[in-house]
Structures are given as structure tokens and as C-alpha cells.
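Quick note on labels: first sequence line is chain A, next is B, and so on, each numbered from 1. In this text the structure is predicted, and so the values were computed from the model without any measurement.
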Protein chains: 2
Amino acid sequence: MMQEQIIQFLKESDGYISGEEISVKLKISRAAIWKHMQELRAEGYEIAAVPHLGYRLVVCPDKLLSYEITSGLGTRTIGRQVVVLDTVISTMDEAFRMGMDNCPEGAVVCAEAQSKGRGRLGRAWSSPKGKGLYFSVVLRPQVPLNQLAQLTLMSAVALAEAIETTSGLKVLIKWPNDILFESHKLAGILTELRAESDQVKFVVLGIGLNVNSSLNQLAPQATSLKLAAGRSFNRTQVLQAVLRCLDKGYARLLRHEWPTIMQEWLKHSATINKRVRITDAAGTVEGEAVDLDGDGALLIRKDNGLVVRKTAGDIFLLR
Amino acid sequence: MMQEQIIQFLKESDGYISGEEISVKLKISRAAIWKHMQELRAEGYEIAAVPHLGYRLVVCPDKLLSYEITSGLGTRTIGRQVVVLDTVISTMDEAFRMGMDNCPEGAVVCAEAQSKGRGRLGRAWSSPKGKGLYFSVVLRPQVPLNQLAQLTLMSAVALAEAIETTSGLKVLIKWPNDILFESHKLAGILTELRAESDQVKFVVLGIGLNVNSSLNQLAPQATSLKLAAGRSFNRTQVLQAVLRCLDKGYARLLRHEWPTIMQEWLKHSATINKRVRITDAAGTVEGEAVDLDGDGALLIRKDNGLVVRKTAGDIFLLR
């Protein structure tokens, strides 16, 4: 894509790049270049133009652009196709439709804002415009339904690693897949799927990550990278880091490296060895979260010594 | 609907019904009645018209019509909305879209033919035009994923009962949900679902039932009601019977009457106490099918005495 290449040139040039040079490289007229520059400016790029010197990139917009996200991404599966939308009801629904329409595995749909962003258990996920990353990924793992928890937990590990790498913050995972910074929710993961009997047809992995949100834009008990680290983040770079970690984690899962992924999950766990109360359709159980089972279920030792397994539910850390 | 009422009058009248009488009952002109009659004829109704006597229904078309299916159906949930389509790729996809678009629970979509009718494990389901019943039902049970097998097995029981009631044939259920007449496949059930983590959002229950198909229209090892009973069947009546049995069974499942449904499944089973070979992602197991587990899984006792559970897979009856 022409504009993608122009941005690339502007970014690589140390200072100004002449219209002449771009014209030669892309084999397009000076007038065409000027037109592309105008369009890029309309998208939020601030581009200085000085006679006899040429063009210089002053500011990149804080806007997600498909070609910026895929540019230099270098992943194998996740992000092979990236769709950026402005405001949607939920990226989950968009991705689910793409999944039904046979999109390639690893297709990503991001939105600048969600009018009805969803979290687990039907809860709302606050999605203020341009402040966070709200995206969903379509995966087509050939696994039975009962291996799905592994995918969810792998995603939590990938998300935690991407956040730590980009921000330097130390984060924890609250079972099954919330990312906490000092007990405040920084990010969440939602897994939806289409299955035939107990065989997965596709999975939609949804991630909500509070990036540059300020306190008044967040739900109570939530935080953002900006609040936690005291600086703003380039959302494109954060998104790329998450997609890369997910890509790596997904490949490992397909290579049956679940035991090592589980070890990494346990290292990040805010839940294990804690006293918890967990509520699901079967009722409420209280006890100590002792371990993960091989399939990703949480093992809780009740006060009577009995160990119960939980694959879903609402968890509350008691102390 | 006007045409629905006209058909009703024609069916109820013993002999001819005058245009005058219909005109009075429906408060429409004789010319309007004549126009409706023409439209009904175009749909395949054969209607005799004799001056001074009126109209008489000679032949109903062998065509599924939404208002004929819902007329007198009397179900609580299943069939609250019935959509009839001509040829579709698969009613599963149509119903899945309806589910995503928040259709009411119990919505049914039937097709006269499917160009790519699906069975379990990605197999094709032969769906010749006008010869069978190919339909899908959208259900929204508030259950975790691991209770889904119960829904599938309940459907098999309902389908078997509806077939027995309508045709007098004695049929068996091959685990999990094929309906057999003398070892030949008469009908099959496919379950698809959308879930969030391990909570069901909706289920699409697809049924393919060979009604009036002749031998050359069927897959090898398959049969039809017509071949088995030696007579043709009115597809609308068969469909109504199935919808009624499903409605009853679904209500029982929601009332937690799974144990009795399981007993009925076992009574119809072609699998229990048989030697079977079952293949799934984990490999192949051979042994005696001894029972259903509480959640609907099949229990197989291997020759070494070990009992294994199977929730899905391809089963072969060995003798």
C-alpha cells in the first residue's frame, strides 16, 4: 500500500526526505505524493513540508491503523489479517461474524471504542475511545472443548508477558484470566467459541487492555498502563507486543507445551496459595486455591480437606 | 394470515365452501378471495372451483409451509417462530445466524433442500429436495458446556418417540444420536453451539430425517420412513410430531428430569451391552458399552476391565 510505504520512508529518514526521492522510489508523480500526504494528514499524521527540503514526520497519530499494526509484526498466525474499526458494539461480535465467514486463522479485529464492551460473566468492559486496546482474535485450534481452558490461560500468560515487556510493570494473573497491577484490573480476556458437539470450530479470544485511560474513564478497581507506569504508551506498539506474545504462546500450545505454559501461569498467579471464594452455577465454594489441574481447572482445597475442581466461575480473593 | 385462514376453512369444510361464506367470515371481497386462491394454487394447492358450489381442497402440496407447521402445533417453546426456506447450504448456518441475531428461543428453520447438509464429524447429509425434513432449532439453555450431552441425548429420545408415534416403526438410538431402523440410518442429530468460556450462549440443534426418500436418493446404509414403512408420509405432520416431542423433552430437561430421560435413552439404545470400537482425538478404544454416565458420557469397559468415558467420537458396533 502506497501510504504505508510513504510512512515507512518518513520514519526511516533521519530528518527530511525529498519529494523527488519518494517519487523515484515509488514511481509516482510529485502531485500524487502531495495527495497522499494530504490524506495522511487527514488521518492524524503531522507532516512538515519545507520547499527544497521535502517532507518530515513530526507526529504519528494516536490512532490504530491496520498497516501500522501489521508493519514489521513478524508473527506466524496472529495478525495475518488486521481490521481496525472505529466504534463497534463489541469486537467479539465482529470477530464471531468473521469466524463464521471463514476468515483466516489469526485474523484480528480492533476498535477505537466499544459501545457495549463485554467482560466475563456478562459484565461490561469500559472502552473509552482511543484510550485502550479492545480487540478480538479468531483462532481455529483442532481441539476438543475441554482443552479450551488451556488456550485461555495461555492468553493470560502472553498478555502478562507483553505488558511486562512493554511497560516494565510487574503484573499478576487472577484466575482465570484477569491481569492485575497491585490488585487493580489492568486487562481482561474473554473467550467465546463455536463448536460442533464437543469439537471446537473456532474460538474468539477477546482482550481489553486499559492503556492511556485516566481514572475517571475506568471502572472502580481498574487501572491503566498510564496510571500504573506514570507515562503514556503508543497503543500500536503495545498491541504489536501482545500479538507477538500471543503468536508465540499459541504456537507453543499447538506443540503441546502446555506444562511449561502452566508453570509460567503459576509464576504469575495472584490466586494460588490464596484463600478464595468461588461462585458458579453449582453454588459457592470457599477454600485455598492450591494448584491448576492438567486441563487448566483450578483446584481448591476446602476446609474439610476435600479438593474440588473449578473450570469457570466468579472468584473472590479473600485475603 | 389470510391464506392460512382460507386453507383452514377449506380443510374444515366437508365438501365445498362457497365464496360467499368465506367472504363473510373474512370480510373480504369475492375478487380478493379469487386472488388468494390463485396464489395458493401457485404454492401447489389443488383447489377445485365450481360455480354455485364454491371451492374445495383437492390436494395439499407436499411442501413445507410455515403457517401449516405452526397451525395447531401447541408447543410452548419449540416452533414459536418457524422459517421455511427453499434451498440453503445448511440449516445449521441459517439457524446460527438467527441465534446471533437474538431470535426467540425455540425458533426453527427448515429447508426443502440443503446443498451441503452436514452430519456429525464433518460428514455430508444427503438432503434431496422435498424428500426429507432438514431443520435446525435455536435453544438458549442456561447450562454449562458439560451439560450439553444431555440435550443431545434428549433430542435423540424425542426424535425416536416422534418417529415411532407417527410411523409405528420401532427404532433404536446409536450413541450418541443416530436413529436406526434395522441397522439403517433413518435420522441424525447435529449439535452446534456458541459459548462464552464454559457457559452456553445458544445451541443449534439440527435434525435430518429421511421421510419420503427413495433408495437412490440416500447414502449407503441409510433408509427412509417410506422405505421402512412402505408408505409415504406427510412431512408437515411428521415435523409437527418431532417439534412436539422436542418441546416436551426440552421442558423435562429444564425441570431436571434427566434421569428419566436417560432411562428412555437406554431403552432405545442400539449401543449398550454391545461390543464397540470408538475413535476420537485421543485414539481408538474397543470394549463393551456398559452404560451412560450421569452427564451423558458413554462408559466402555475394555477387555482389561478398565472402564473409560467417551463424550464424543466415531462409534462402530462390532457385533
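- Note on B:Met92, B:Lys201, B:Gln199: by heavy-atom pairs under 4.5 Å with chain A, the leading option is B:Lys201.
- Interface remark: of the candidates A:Val143, A:Leu148, A:Leu190, A:Thr152, A:Leu190 forms the most heavy-atom pairs closer than 4.5 Å to chain B.
- Contacts between A:Leu145 and chain B at a heavy-atom distance below 4.5 Å involve the side chain alone, from C-beta outward.
- The environment of A:Ile89 atom CD1 is sparse: at most 12 non-hydrogen atoms of other residues, nucleotides or ligands sit within 6.0 angstrom.
- Smallest separation of non-hydrogen atoms from B:Met100 and A:Asp93: CE-O, 4.4 Å.
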